[in-house]
Amino acid sequence: MSQGIFAALTYLEDLVEGITPKTDLHHGFVAVNRGGGLTSQLNQRSNSTRFFELALDGLAQDDGAAGLSGRKRCRVNCRVRYDVPHDPGFLTRQINEDAADLINTLKGPQYSLATTGIVSLIPFEARLDSILDAQGERLAYILVLPFDLLYLEA
């Protein structure tokens with residue numbers, strides 16, 4: 001099996017899709033924009049609670065000791081869409097639960113170095129972005145969980 005960014009991101013997308021949410025079980029995580037062809041952008045998908053993408057935020061950098069290894073580092077943003085319901089308090093609690101589940105799931109350590117090339121993953125502080133309509137009303141939130149992915153490109 002191949003190693004590299006495609007294998008690593010596919011593996012992580014499958015991990016996230018396997019999360020069983022604690023709240024609102026009928027909206028599971030659904031991966032979009034998986035690098036298989038042009039699809040609708042996450043910001044443009046209405047009624048898409050827990051649809052997510054792993055978006056690269058920069059290009060690969062060498063992460064090996066003195067440049068002697070094939071290990072690479074890349075910043076990735078796990079972006080999850082949440083449509084705004086009538087109760088914003090419920091939504092922010094749900095998003096907080098999901099952020100904790102995403103951190104625990106993504107940081108592993110159940111990676112298969114031989115098949116995915118993933119060495120490790122370093123999560124950073126999550127944040128909420130808003131999607132607004134033309135009148136400035138909030139349509140949805142985007143949970144953004146940035147992390148550094150350390151992987152082998154072979």
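Throughout, numbering of the chain's residues begins at 1 and tracks the sequence.
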Quick one: list whatever passes side chain to side chain donor-acceptor pair (under 3.5 Å) with [X], sequence neighbours left out.
X    : result
R73  : D63, D148
T105 : none
D101 : none
E53  : N33, R79

Which pairs pass salt bridge (Lys or Arg N to Asp or Glu O under 4.0 Å) with one or both residues in residues 104-119, sequence neighbours excluded?
none
Per the salt bridge (Lys or Arg N to Asp or Glu O under 4.0 Å) rule, what does the pair list look like for residues 87-97, sequence neighbours excluded?
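Every candidate salt bridge (Lys or Arg N to Asp or Glu O under 4.0 Å) pair involving residues 87-97 fails, so no pair, neighbours aside, qualifies.
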Any chance you could lay out the side chain to side chain contact (heavy atoms under 4.5 Å, CB included) test for F147 and D57, step after step, and finish with the verdict?
CA-CA 10 Å; F147 60 88; D57 187 13; over 6 Å; no
Contacts of D129 that satisfy salt bridge (Lys or Arg N to Asp or Glu O under 4.0 Å) - sequence neighbours left out
R127
Heavy-atom side-chain contact between C74 and L56 under 4.5 Å:
yes
With sequence neighbours excluded, tell me which residues meet side chain to side chain contact (heavy atoms under 4.5 Å, CB included) with [X].
X    : result
Q61  : none
L59  : none
A99  : L143
S130 : L132, R138, Y141

Partner of Y82 under side chain to side chain contact (heavy atoms under 4.5 Å, CB included), picked from L128, D98, I142, is D98
Within 45 degrees of the axis of the six-membered ring of F29 and under 6.0 Å from its centre: does R50 put its NZ or CZ there?
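Yes, R50 and F29 form such a contact.
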Keeping the roles fixed (side chain from T92, backbone from G89), state whether a donor-acceptor pair exists under 3.5 Å.
yes
Can you give each donor-acceptor pair under 3.5 Å made by side-chain atoms of residues 117-126, sequence neighbours left out, with the distance rounded to 0.1 Å?
none

Might you point out which heavy atoms bring L54 and F52 nearest each other, and give the distance in Å?
CG-CE1, 4.4 Å
